[in-house]
Amino acid sequence: MDPALAARIGQEVADKMFQYRRDASGWKICREGNGVSVSWRPSVEFAGNLYRGEGVVCGTLEDVWDCVRPAEGGLRVKWDENVTGFEVIEKITDTLYVSRTSTPSAAMKLISPRDFVDVVLIKTYEDGTISSNAIHVDHPACPPKPGFVRGFNHPCGCFCEPVPGEPLKTNVVTFFQTELSGLLPQSVVDSFFPRSMAGFYANLQKAVKKFHA
């Protein structure tokens with residue numbers, strides 16, 4: 001992939017994610033509990049919803065980021081029940097690459113295994129926040145694979161933010177707006193994301209304790 005194009009796409013996604021993070025308008029809470037809230041609003045990218053999750057995880061920012069960072073051979077596939085594989089298709093820089101993520105069947109197998117090919121940009125902000133930013137891209141080295149439905153990630157990602165005065169806590173904010181593709185009833189999609197996002201936080205907390213006790 002042309003490095004300049006990848007860099008432009010990555011920065012555009014990071015800018016959108018930053019706007020999502022700062023824009024508090026229009027969100028409707030759809031799931032709340034155990035210190036985690038999941039909310040949604042209509043997506044402006046596609047005919048679906050943009051989902052936002054937020055919760056404080058006990059662990060240093062570095063430890064929490066180590067568990068969530070999208071990296072080949074990273075910890076994510078070891079604890080995230082919604083990720084069965086992650087590979088770098090093309091590395092452009094240490095913080096910019098094209099990846100393929102595979103996911104298992106879900107919702108009592110109503111949702112079959114999916115895979116997603118994305119441009120991913122890792123960005124660090126002055127206050128110490130680290131973010132991952134991703135969007136779907138077509139890549140010649142990764143055509144659709146047998147056994148998987150190719151899904152499409154519209155601008156999505158994750159922020160790991162320091163909590164002022166609490167170095168052993170990290171605020172984690174996630175954004176998803178994913179087109180799962182296939183002939184799925186909208187009710188299945190609408191129930192799947194809030195539930196899986198809430199589970200993400202519970203499993204992340206367990207992972208931080210397990211891998212960074």
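Hydrogens, waters and symmetry mates play no part in the numbers below; they use all other heavy atoms, side chains included. We count residues from 1, following the sequence as given.
We find that Glu12 and Arg8 are joined by a salt bridge, their nearest charged nitrogen and carboxylate oxygen being less than 4.0 Å apart. With respect to Arg100 and Glu72, no salt bridge is recorded, no charged nitrogen being found less than 4.0 Å from a carboxylate O.
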*Decide yes or no on side-chain contact (heavy atoms from CB on, under 4.5 Å) for Met197 and Val36, but give the supporting numbers first.*
CA-CA 9 Å; Met197 289 176 72; Val36 175; over 6 Å; no
*asked:* Assess the residue pair Arg52 and Arg41 against the criterion (side-chain contact (heavy atoms from CB on, under 4.5 Å)); give the C-alpha distance rounded to whole Å, side-chain angles, the decisive distance to 0.1 Å, and a yes or no.
replied: CA-CA 9 Å; Arg52 177 185 189 273; Arg41 70 186 189 194; over 6 Å; no
*Start with the C-alpha distance between Arg76 and Asp66, add both sets of side-chain angles, then the distance that settles salt bridge (Lys or Arg N to Asp or Glu O under 4.0 Å), and finish with yes or no.*
CA-CA 9 Å; Arg76 187 74 174 263; Asp66 188 44; over 6 Å; no
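Between Asn49 and Gln177, the side chains place no donor N or O within less than 3.5 Å of an acceptor N or O (distance only, hydrogens not considered). Between the side chains of Gln11 and Asp15, at least one donor N or O lies within less than 3.5 Å of an accepting N or O. A donor and an acceptor atom, one from each side chain of Thr84 and Ser102, are located under 3.5 Å apart. In this structure, a donor-acceptor pair under 3.5 Å is absent between the side chains of Tyr51 and Thr178.
Taking the six-membered ring for Trp and thresholds of 30 and 60 degrees, Trp27 and Phe175 have ring planes inclined between 30 and 60 degrees apart.
The only member of Val172, Asn171, Thr174 that meets side-chain contact (heavy atoms from CB on, under 4.5 Å) when paired with Glu54 is Asn171. Across Asp127, Val56, Val173, a single residue satisfies side-chain contact (heavy atoms from CB on, under 4.5 Å) together with Glu161, and that is Val173. When Arg150, His136, His154 are each tested for a side-chain hydrogen bond (donor to acceptor under 3.5 Å, both in side chains) with Glu179, only one passes: His154.
Surrounding NZ of Lys206 are at most 12 heavy atoms belonging to other residues, nucleotides or ligands under 6.0 Å away. Enclosure of atom CG in Asn34 is not indicated, since only 12 or fewer non-hydrogen atoms of other residues, nucleotides or ligands lie within 6.0 angstrom.
To the nearest 0.5 angstrom, Ser131 atom OG is 7.0 Å from Leu121 atom CG. For the atom pair Asn153 CG and Asn133 CG, the distance stands at 12.0 Å (nearest 0.5 Å). Note that CD1 of Ile89 is 4.0 Å distant from SG of Cys142, once rounded to the nearest 0.5 Å. In this structure, Cys160 SG and Glu62 CD are separated by 10.0 Å, a value rounded to the nearest 0.5 Å. Within the model, atoms CD1 of Ile122 and OG1 of Thr93 stand 9.5 Å from one another, a figure rounded to the nearest 0.5 Å.
A ring-centre distance under 6.0 Å is found for Phe18 and Tyr125.
Listed here is the closest heavy atom pair of Tyr97 and Val88: CB-CG1, 4.0 Å. In this structure, Gly151 and Ser181 approach most closely via the heavy-atom pair CA-OG, 4.0 Å. The heavy-atom pair separating Phe116 from Leu180 by the smallest distance is CZ-CD2, 4.2 Å.
The cationic atom of Arg195 (NZ for Lys, CZ for Arg) does not lie both less than 6.0 Å from the six-membered ring centre of Phe200 and within 45° of the ring axis.
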